[in-house]
Amino acid sequence: MEYTVPMREEYPFYLEPLNTEQRRAVLHTGKPLLILAGAGSGKTRVITTKIAWLIREQGMDPRSILAVTFTNKAAREMAERAILIEPRAGEAIMRTFHSFGAWFLRRNGNLAGLDSSFVIYDDDDVVSLLSGIMENAPKPEVKQCAHNISRAKDYFLSPSDPLLASIDSRKKFRAIYASYEERMAQIGNVDFGDLIKKPVEILRDQPEVARRFRERFKVIMVDEYQDANVAQFHLLKELCGPDTYVCVVGDDDQSIYRFRGAEVKNILEFPDRFYGADIIRLEQNYRSTNPILKAASSVVDYNRGRLGKTLCAEKGDGPLPVLTYLPDQDEEAKFCAEKIESSVKKKETEWQDWAILYRTNAQSLGFETLFLRMGIPYRVVGSLKFYEREEIKDALALLSFLVNPRDEVNFRRMVNKPARGVGLVTVDKIAETADSYGGNLIEAGRNTELTQKARTGLNAFFKVIEDARALLDGEKDGDEKKSPAKKKRKGLVPGTGLSACISKIVKDSGIAEYHETRDDVTGNNKLNNLQELINTASNYPQTREGLLEFLENIELDQARLDNASQDTQNSVTLITFHNTKGLEFKRVIMTGLEQGIFPREDKRGEELEEERRLFYVGATRAMDELYLTSCLMRRMYGKTMPMQPSLFLREIDASCLQINRVVRGFETGQPMARHSFNPYNFDNDKEKNSRLEKSSGWRRGQRLFHENYGYGAVMEVKDSEDGPVVRVRFDNGKETRFLSEYQGGAFEKMGDDY
DNA sequence: TAGTTTTAAGTTTTT
DNA sequence: CTTAAAACTA
């Protein structure tokens, strides 16, 4: 590639826009490097520039560069941006940890007894498999176990590891984990944890393989290193030879996946684990205004055990973040909608400049219904996962079984759906026989004595699988035309490539029809979803490898399908705090800032610190303006509960926050002094309440003390057949009710100091 | 056994 | 209030 752009000064032109520290990071070589990159400090620019620089200036073969991220979106973005500077960067391996693991195992899995046509089990599949092992155990326990196994793998713990007790102290856990591993090996599939753990094991046991990989990858870069778990750390270690150049980028303040095994220690201890490492700090923030940055930092400052940094806002001053107290979540949604709409109408912003952040996916519902009614375009990022829907899982289960006839979980799911007269008894019988056929359920099914009904149904099922297989293996049969009369219903459009195969199996298996008739009843559009799935497959070749790739991409990258089904153009973004990492918006509204919601009630110590970091991540997404909302009441599980403002609101530096109060949808317009607002001042409540409060002698917000339970506050006073009932929540989180007339004596009123 | 009705339970966050 | 699991009926 010839470059005609003249080089100015001493650096290549593409280094021009970088600041001193960024440039140092790009030009650094020779030792391990830890880049501590604060929010909005341009770390993606540094990584992509570094990749390009290595290729262009250092003569590095792009194929010897490995760049690892945590989300597929980040990987794609990295590739796109690197290619803009240097087209050959497209040949570098840029993947998520998990997709790298899958890539590795497809090639080297046989060394660990893994067939290359393995399928990746998601959490639901894992639970199905486990419930077969833990017979008649209650579902929640099975789920807990699945979770713990997953955690164990994150920490690189095998069933025999003495440290396993630190994950799950129950004696039987070790045995459950062991037989889970055994069953999984029989089936020949892997779970998410295996995608990291197994490659490490192979690299350790097979020096030859390790040597090959160390020879190939001269440079390894890891993005979002603060989210790496222990197993991922080991993988990185194993891939690094003495001459490998390692560069990790991260921000300890943005570590928000501890619950999933992420270890902040990885980043804190990097200099110890990679001897002689250099550290470069990127503290210049290019995204947000000063007040936004200061508000965010002042909260995360309450955390202990952080590396600490001082972010400096390049943008300088701007409007203060605005906190608004609202009566309830309906008003909250309305407040957001009106704020956004008026700004867009004034041509001040566009829809896409706005993001609404919430802690749990369930909170999106209120915004969605209102936005739909008001005609505000929106997109929901990553909530109801497309691939988790029943009809999609059904289709994928069939396809998975098609590639791996040992897949008992998916066999059980689909063999009798729709009903073919193959019941539980039959399936158990086949599963038992399967042991003598190397786990192959098709062989086993053929050779098992069955009732006539079961035999007919089973053969029909196998016929579907086989026809689809024939299609994959290249036998072009004319089956498509054989039964045109049968598919006269509006039906599915086959499409090209792999789509044809999927379309065929979805139709022939009766899954399409099954969900179509159910659509008629429920009014869902499951058939459309299936069509969507079929469409996305059209870019894959109609081969066994194509199918494997398709399944893998879906398992590891659900977001792609999600986005395909939504209009992502110019619309407001509804998103969880977790999902915002790596994104930025001109204007951000952080909603539901109430104790119990954010932070969640049960969070303390290290977990509370993680919630704080999550707050920090959310706030630093905002470029120009930041809004915060907190509700006095919230409907949960169909009941309305009084809420308290989030702890984090108190932690925000007073000098960078403006507080407003909104009552019944109308702004008072008066900025309030920091502590003058008492969310438990219900002087606007209806007469009914004051009457109740008078007759009961209790009012909402009243502090009280009980001998046995300690301190608490009145949440609600209600009428009942036996007179006024007072509902109390104690400071330890427990709740109780009492009848003011009879039981009131046990509760001592305290002075109210809010 | 299949499909329906009733009852209970429950909301983090995700590769 | 919504969804999943258990219980029940045909």
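The model shown is predicted, which means the values in this text are computed figures rather than measured ones. So you know, we letter chains A, B, ... as the sequences are listed, proteins then strands, and number each from 1.
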Report the distance from atom [atom1] of [X] to atom [atom2] of [N], rounded to the nearest whole Å.
X	N	atom1	atom2	value
A:D154	B:dT15	CG	C1'	9 Å
A:D227	B:dT13	CG	P	17 Å
A:Q144	B:dT12	CD	C1'	14 Å
A:E555	B:dT14	CD	P	16 Å
A:R600	B:dT12	CZ	P	5 Å
A:D191	B:dT14	CG	P	19 Å
A:K143	C:dA4	NZ	P	8 Å
A:R258	B:dT15	CZ	C1'	19 Å

- Query: Between A:N553 and A:Y540, do the side chains contain an N or O donor and an N or O acceptor separated by less than 3.5 Å?
  - Reply: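 The criterion, which ignores hydrogens and geometry beyond distance, is satisfied for A:Y540 and A:N553.
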
- Query: Quick one: CG on A:L396 to CZ on A:R413, what's the gap to the nearest 0.5 Å?
  - Reply: 9.0 Å

side-chain N/O [X] vs [N] OP1/OP2, d < 4.0 Å:
X	N	value
A:S150	B:dT15	no
A:N361	B:dT13	yes
A:N416	B:dA2	yes

- Message: I'd like to check, for A:F192, whether its ring lies over the base of B:dT15 with centroids under 5.5 Å apart and a plane angle smaller than 30°.
- Response: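 Check passed, A:F192 stacks on base of B:dT15.
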
- Query: Are the ring of A:F259 and the six-membered base ring of B:dT13 within the stacking cut-offs of under 5.5 Å and under 30°?
  - Reply: yes

- First encountered from the 5' end of DNA chain B, between A:T71 and A:V422: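 Whichever sits nearer the 5' end wins; that is A:V422.
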
- Item | Which residue lies more 5' along DNA chain B, comparing A:H578 with A:V425 via nearest heavy atoms | A:V425

- Message: Looking at A:R635, I want to see if its CZ is surrounded by more than 12 non-hydrogen atoms of other residues, nucleotides or ligands under 6.0 Å.
- Response: no

- Message: Could you check whether A:H98 and A:F70 have their ring centres less than 6.0 Å apart?
- Response: no

- Message: Ring of A:F615, cation from A:R359 - is the NZ or CZ under 6.0 Å from the centre and inside 45° of the axis?
- Response: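 No; the conditions do not both hold, so A:R359 does not lie above the ring face of A:F615.
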
- Provide the Watson-Crick or G-U wobble partner of B:dA9, both distances under 3.5 Å; none if there is no partner.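 Answer to the pairing question: C:dT2, which forms a Watson-Crick or G-U pair with B:dA9.
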
- Message: Taking the minimum atom-to-atom distance to the side chain of A:T96, which one of B:dT1, B:dT15, B:dT13 wins?
- Response: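 It is B:dT15.
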
- Choose from B:dT15, C:dA5, B:dT14 the nucleotide whose nearest atom is closest to any side-chain atom of A:H98.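 The closest nucleotide is B:dT15.
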
- Message: Can you tell me whether the side chain of A:R359 and the base of B:dT13 have a donor-acceptor pair closer than 3.5 Å?
- Response: yes

- So what does A:Y257 touch, heavy atoms closer than 4.0 Å: a base, only the sugar-phosphate, or nothing? sugar-phosphate

